[in-house]
Structures are given as C-alpha cells and as structure tokens.
Amino acid sequence: MTHPVSRGERHAEPVDVHLILRRETGDGPEVLLSRRIGQVAAAGLWHLPSGHLGGPWEDMVTALAREAREVPGVVIDPGDVRAAVTVRHRSPGGDARIGVFFEVRRWQGTPKVMEHRVGDAMEWFPFDALPEPMVAYCRAGSDAYRSGARMAVHFQEPGDPIAHDRTVDRLVLLPVPDTRGTVPEQAVRAFAEQAVGRITAWTDVSWARAESRVWRATGAEGGEWYVKIHQSDRFPHREVSALRGWVAGLGAAAPRLVAADFALRAVVLTAVGGRALHGRRSPARTAAADLPPHRAARRVHPPQHPAPPRR
C-alpha cells in the first residue's frame with residue numbers, strides 16, 4: 001500500500017530509548033527484561049527497560065540514564081553507554097516511532113522492579129532464549145543488536161500481533177557500508193529465513209572458487225546452518241541428488257539438506273561437527289615446501305623404480 005506524502009506540516013515521530021543491560025555468565029551473555037502490567041500498552045509482555053525522551057532539552061544518553069534509575073533502579077555512567085542499533089518501527093495501528101537501543105555493561109546497584117504500578121517482574125535471560133510473550137518491537141531491536149546491524153526497519157501490518165510471533169516477522173536489517181558483499185542478497189536471505197526462521201548473523205566462509213559463496217547463518221534461537229550459492233545451474237542439482245541419496249547413509253557425520261531453490265542456485269544445510277580442511281596442507285607437503293625445489297619434488301613425488309625382472 002502506498003500513501004501520499006504530506007505537503008503540509010512536517011512529519012514528526014517520537015523517539016524511544018531502550019536499555020540493553022548486558023551481563024556475561026559462564027553460559028553466555030544475558031539481558032535484563034521487565035514484564036509490563038496494568039493500564040499500559042502491551043500489558044503482560046516482556047520488554048527492555050525503555051522510555052521516551054522528555055523533550056527537546058533532553059539528550060538520548062541522559063534519557064537512558066533516567067530510565068535506568070526509574071525502571072530497574074540502577075545508576076549508569078554516560079561514559080559506559082554504547083550505541084547499539086536504531087530501529088524505525090510502525091505498529092499494527094499505523095503509528096511510527098524511532099527506537100534507539102543502547103548497550104550498557106557496567107552499572108551500580110541491583111536491578112529490581114521500581115514501578116510496581118506498571119511492572120511485576122524483572123529477570124535476566126540468555127540472548128538465545130528470550131521469553132515469550134515479548135513485545136515484537138523490542139524483540140526486533142534485540143535481534144538486530146545480536147546480528148551486528150546498526151539500523152533496521154520493523155514495519156508491522158494491520159492485524160499483526162503486538163507480541164512477537166516468529167511466523168509474522170517484519171524485521172529488515174540494513175547492512176553497514178563496510179560489510180557490503182558479506183551477506184547474501186535479499187532473495188537468498190528471504191529463502192533461508194523461510195526455511196529456518198530469523199537469521200541474526202551471517203558469516204562469509206566462502207571457498208576461493210569464482211562465483212560460489214558459502215555463509216554460516218546463525219539463528220535467533222541459537223541454531224546454525226550453512227547457505228551455499230553455486231556457480232552454475234548444474235551444481236545444486238548434483239548436490240541435492242547426493243544429499244537425498246548416498247550422503248544420507250553417512251548418518252550424523254554428514255550434513256542434512258534443509259531446503260533448496262534451484263532458481264537461486266541455493267541450498268541450506270545443517271551444520272556438522274569438525275573443522276574445515278579447505279586451505280590446509282598435508283604434513284608431507286608442508287615439509288616439502290621448506291626444501292629446495294629438487295628435493296621437494298622427490299619428497300612429494302618420489303621416483304618410480306621399475307620392478308625387478310622375473311626369473
């Protein structure tokens with residue numbers, strides 16, 4: 001749906017600040033969330049500590065420090081505030097806003113519910129096991145943060161739930177300039193996410209083969225897959241045929257085919273244990289590389305002596 005651009009008064013949107021209070025544990029990083037109650041939007045849903053700017057006189061870091069005192073009751077130093085990600089959000093009702101998410105790893109005090117009128121719980125959760133139900137807007141910002149994106153769009157449609165629903169995921173991540181080419185094109189990302197759900201991180205692990213690409217994809221729930229783009233139309237058909245045939249007989253030692261799109265020349269595979277051998281040299285060839293050329297040739301390709309004559 002397209003909407004006419006207003007020619008009258010300039011469009012303005014509220015700005016929210018969101019606190020990603022992060023702590024490290026032996027099981028991985030955790031984030032602090034609070035649950036909303038009472039006569040507030042999204043009552044009963046989990047959310048990051050957050051709030052609006054007080055007005056044009058209040059900068060974002062000051063607003064974040066104020067919200068930290070008012071919601072979880074902690075004191076943060078402005079010098080410890082780190083910009084995380086900015087999300088432009090549109091609610092199912094059509095209202096839009098700008099959400100600026102900040103990471104803080106040091107604070108004073110013990111987080112606890114300070115505003116019992118609007119919150120009834122406050123807990124730490126692993127980033128790969130966020131609770132449900134959770135505000136979709138907040139979950140979008142959390143997923144964007146985990147992906148390493150600096151900006152994202154989260155435009156919900158009329159009828160979408162306020163709570164996060166993985167089947168109605170409207171998050172669009174915008175790559176930062178210095179990662180151009182390190183994520184697949186949009187069509188491939190959409191295909192992969194349709195197969196495995198929201199992907200929060202892409203790592204280019206391509207081999208040195210022209211026009212073939214491989215990415216390690218990390219999901220919002222902590223899963224890991226590989227997405228491959230083949231250099232010609234015949235290769236994905238070969239691979240899919242093998243994966244559906246003899247490769248399955250290898251059991252857990254082999255990857256499993258999750259999805260294939262021949263038009264995109266793309267396949268999604270499960271990850272398996274072990275380490276890549278691509279680019280490694282055998283001990284014999286490594287040792288040979290340090291020898292003079294004539295000796296290296298004899299080490300790698302020893303002379304073939306004729307068999308003794310029969311008697």
Side-chain angles (χ1 to χ4, degrees), residues 14-37 40 42 45-89 97-132 134-135 137-152 154 164 171 173-174 176 178-179 200-201 203 218 220-222:
V15 175
D16 304 330
V17 292
H18 300 255
L19 174 61
I20 301 174
L21 204 64
R22 172 174 174 153
R23 73 177 185 182
E24 304 298 324
T25 74
D27 296 323
E30 295 182 339
V31 62
L32 184 73
L33 299 178
S34 63
R35 189 168 58 197
R36 304 163 70 91
I37 61 167
V40 297
L45 276 58
W46 291 93
H47 198 283
L48 290 167
S50 63
H52 307 135
L53 292 183
W57 59 86
E58 186 176 48
D59 67 78
M60 290 185 291
V61 174
T62 300
L64 188 77
R66 173 176 55 78
E67 291 295 337
R69 292 192 305 271
E70 294 176 356
V71 181
V74 298
V75 176
I76 59 175
D77 187 318
D80 292 326
V81 175
R82 299 290 181 268
V85 63
T86 299
V87 179
R88 184 160 187 250
H89 165 71
R97 60 201 321 109
I98 302 294
V100 187
F101 293 72
F102 296 92
E103 177 198 85
V104 175
R105 301 193 185 207
R106 293 195 303 178
W107 60 89
Q108 296 178 15
T110 301
K112 58 182 178 295
V113 176
M114 298 293 292
E115 300 177 310
H116 295 277
R117 180 179 55 84
V118 295
D120 69 344
M122 187 167 291
E123 296 181 27
W124 294 97
F125 294 94
F127 278 98
D128 59 0
L130 296 177
E132 297 291 354
M134 185 172 177
V135 177
Y137 169 29
C138 174
R139 176 60 183 262
S142 300
D143 286 348
Y145 163 72
R146 290 183 62 211
S147 76
R150 291 292 176 261
M151 184 166 288
H154 184 249
H164 169 68
L171 179 62
L173 304 176
L174 305 181
V176 295
D178 63 354
T179 60
T200 57
T203 304
T218 304
E221 305 301 325

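Computed from a prediction, not measured in an experiment: that's the story for all the values here.
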Could you label the plane-to-plane angle of the Tyr137 and His154 rings as parallel, tilted or perpendicular, counting under 30° as parallel and over 60° as perpendicular?
-> parallel

Look only at the side chain of Arg146 and the backbone of Phe127, and say whether a donor-acceptor pair between them is shorter than 3.5 Å.
-> yes

CD on Glu58 to CG on Leu64, rounded to 0.5 Å = 10.0 Å

Distance col, row Leu19:CG vs Phe101:CZ, nearest 0.5 angstrom, shows 11.0 Å

So do Val17 and Arg66 actually touch side chain to side chain, heavy atoms under 4.5 Å?
-> no

Closest contact, heavy atoms only, Val71 versus Pro49 = CG1-CB, 3.9 Å

Which is it for Met122 and Met114 under the side-chain contact (heavy atoms from CB on, under 4.5 Å) test, yes or no, and what are the steps along the way?
-> CA-CA 10 Å; Met122 187 167 291; Met114 298 293 292; over 6 Å; no

On a heavy-atom basis, the closest approach of Ala140 and Leu171 is O-CD2, 3.6 Å

From Leu45 atom CG to Met134 atom CE, the distance as rounded to the nearest 0.5 Å | 9.5 Å

CZ (Arg106) and CZ (Arg82) are apart, to the nearest 0.5 Å, by 8.0 Å

State, to 0.1 Å, how close Gly119 and Val113 come at their nearest heavy-atom pair, and which atoms those are.
-> O-CG1, 3.4 Å

What is the minimum heavy-atom distance between Ala144 and Val85, and which atoms define it?
-> CB-CG2, 3.9 Å

For residues Ser142 and Leu130, report the shortest heavy-atom separation together with the two atoms involved.
-> CB-CD1, 4.1 Å

Give, for atom CG of Leu173 and atom CZ of Arg150, the distance between the pair rounded to the nearest 0.5 Å.
-> 12.0 Å

Minimal non-hydrogen separation, Ser50 against His18, with atom names = CB-ND1, 3.6 Å

Summary of side chain to side chain donor-acceptor pair (under 3.5 Å) pairs that have at least one residue in residues 112-125, sequence neighbours excluded = Arg35-Asp120

Which side-chain N or O atoms in residues 20-27 pair as donor and acceptor under 3.5 Å with protein atoms at least two apart or in another chain?
from  : atom 1 : to     : atom 2 : distance (Å)
Arg22 : NE     : Glu24  : OE2    : 2.8
Arg22 : NH1    : Tyr145 : OH     : 2.8
Arg22 : NH2    : Glu24  : OE2    : 3.4
Arg23 : NE     : Glu30  : OE1    : 2.9
Arg23 : NH2    : Glu30  : OE1    : 2.8
Glu24 : OE2    : Arg105 : NH1    : 3.4
Thr25 : OG1    : Asp27  : N      : 3.2
Thr25 : OG1    : Gly28  : N      : 3.3
Thr25 : OG1    : Gly28  : O      : 2.6

Please say whether more than 12 non-hydrogen atoms of neighbouring residues, nucleotides or ligands are located less than 6.0 Å from CE in Met60.
-> no

Test Glu132 against Arg139 for side-chain contact (heavy atoms from CB on, under 4.5 Å), laying out the working first.
-> CA-CA 10 Å; Glu132 297 291 354; Arg139 176 60 183 262; 3.6 Å; yes

Run the side-chain contact (heavy atoms from CB on, under 4.5 Å) check on Leu48 and Leu33 step by step: do they pass?
-> CA-CA 5 Å; Leu48 290 167; Leu33 299 178; 3.5 Å; yes

Starting at CD1 of Ile98, measure out to CG of Leu53 and round the result to the nearest 0.5 Å.
-> 11.0 Å

